[in-house]
Visitor: 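Handing you this structure, nothing more for now.
Excluded from the calculations below are hydrogen atoms, water molecules and symmetry mates; all remaining heavy atoms, backbone and side chain alike, are included.
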Amino acid sequence: QVQLVESGGGSVQAGGSLSVSCTASGSISSIGAMDWYRQAPGKQRELVASTTEGFSTMHADSVKGRFTISRDNAKNTVVLQMNSLKPEDTAVYYCNARIRNLRGIWSYYWGQGTQVTVSS
């Protein structure tokens, strides 16, 4: 069994900062890419940022320069630091990770989602 548990998020006024974190636990052999997605009401889920096991990162154009993804491989954790938040960043944020279990099988896993609300 593998689980992704998210924490953080909440409510903030525009211009403020929040962070969300995600920790993987269970029968884990190794972890590949760890990503953050978000889904606003009535919209499709979109990729916000991604980081590889080798710490390469990618950020969507809409968040570039404001959000930063980072990971701690020793703790199986990925963090999304969000600065200069805008009302359009309001969404449920989901962690996604590609994980190899103890049987050597790679699968994708999702966290439960955490709400981020930015008021104007």
Side-chain angles (χ1 to χ4, degrees):
Q1 285 278 28
V2 174
Q3 280 188 317
L4 296 182
V5 177
E6 301 170 12
S7 60
S11 298
V12 69
Q13 288 191 326
S17 298
L18 287 172
S19 67
V20 288
S21 64
C22 171
T23 299
S25 64
S27 304
I28 296 171
S29 173
S30 60
I31 302 177
M34 301 185 83
D35 308 327
W36 284 100
Y37 286 77
R38 67 185 180 187
Q39 187 166 19
K43 294 188 176 182
Q44 289 188 332
R45 192 171 296 190
E46 62 174 354
L47 178 63
V48 176
S50 177
T51 178
T52 68
E53 189 174 6
F55 304 103
S56 295
T57 62
M58 180 285 298
H59 297 82
D61 288 344
S62 59
V63 306
K64 203 168 290 184
R66 300 187 298 120
F67 291 12
T68 302
I69 189 170
S70 62
R71 66 189 284 169
D72 184 333
N73 287 341
K75 296 181 179 179
N76 292 341
T77 296
V78 61
V79 175
L80 185 68
Q81 176 65 42
M82 302 177 287
N83 299 326
S84 302
L85 282 160
K86 304 175 181 180
E88 51 263 44
D89 295 318
T90 295
V92 177
Y93 284 70
Y94 296 92
C95 172
N96 178 272
R98 184 170 178 262
I99 296 174
R100 183 170 61 185
N101 65 18
L102 297 180
R103 296 187 175 187
I105 298 172
W106 287 96
S107 301
Y108 288 94
Y109 296 86
W110 289 95
Q112 79 280 10
T114 186
Q115 178 70 44
V116 170
T117 302
V118 184
S119 57
S120 57

Visitor: Just by distance, no angles: are the side chains of Ser21 and Ser7 close enough, under 3.5 Å, to form a donor-acceptor pair?
Guide: yes
Visitor: Do Arg45 and Tyr94 form a cation-pi contact, if we require the NZ or CZ to be under 6.0 Å from the six-membered ring centre and within 45 degrees of the ring's axis?
Guide: yes
Visitor: Please identify each residue that fulfils ring pair (Phe, Tyr, Trp, His ring centres under 6.0 Å) with Tyr37, with sequence neighbours left out.
Guide: Trp110
Visitor: Run the salt-bridge test on Lys64 and Asp61 with the 4.0 Å N-O cut-off and return the result as yes or no.
Guide: yes
Visitor: Checking Thr23 against Leu4 for the side-chain contact (heavy atoms from CB on, under 4.5 Å) test, could you report, in this order, the C-alpha distance in whole Å, the side-chain angles of both residues, the deciding distance, and whether it holds?
Guide: CA-CA 6 Å; Thr23 299; Leu4 296 182; over 6 Å; no
Visitor: Please determine which of Leu18, Val48, Val63 meets the side chain to side chain contact (heavy atoms under 4.5 Å, CB included) test together with Met82.
Guide: Leu18
Visitor: Where do Trp106 and Ser30 land on the side-chain contact (heavy atoms from CB on, under 4.5 Å) test, with the steps shown first?
Guide: CA-CA 9 Å; Trp106 287 96; Ser30 60; 3.5 Å; yes
Visitor: For Gln115, does the CD atom have more than 12 heavy-atom neighbours from other residues, nucleotides or ligands under 6.0 Å away?
Guide: yes
Visitor: Looking at side-chain heavy atoms only, is the closest gap between Arg38 and Lys43 below 4.5 Å?
Guide: no
Visitor: Between the side chains of Ser17 and Asn83, does any donor sit under 3.5 Å from an acceptor?
Guide: yes
Visitor: Output yes when a side-chain donor or acceptor of Ser50 lies under 3.5 Å from a complementary backbone atom of Met58, and no otherwise.
Guide: no
Visitor: Regarding Arg98 and Asp35, does a basic nitrogen lie under 4.0 Å from an acidic carboxylate oxygen?
Guide: no
Visitor: Quick one: do Ile69 and Val78 satisfy side-chain contact (heavy atoms from CB on, under 4.5 Å)? Show the steps, please.
Guide: CA-CA 7 Å; Ile69 189 170; Val78 61; 3.7 Å; yes
Visitor: How far apart are the C-alpha atoms of Ile28 and Val2, what are their side-chain angles, what is the distance that settles it, and do they pass the side-chain contact (heavy atoms from CB on, under 4.5 Å) test?
Guide: CA-CA 7 Å; Ile28 296 171; Val2 174; 4.1 Å; yes
Visitor: Counting C-beta onward and ignoring hydrogens, is there a side-chain heavy-atom pair between Val20 and Val79 closer than 4.5 Å?
Guide: no
Visitor: Is any side-chain heavy atom of Arg66 less than 4.5 Å from a side-chain heavy atom of Asp89?
Guide: yes
Visitor: Are there over 12 heavy-atom neighbours, none belonging to Gln39, within less than 6.0 Å of that residue's CD?
Guide: yes
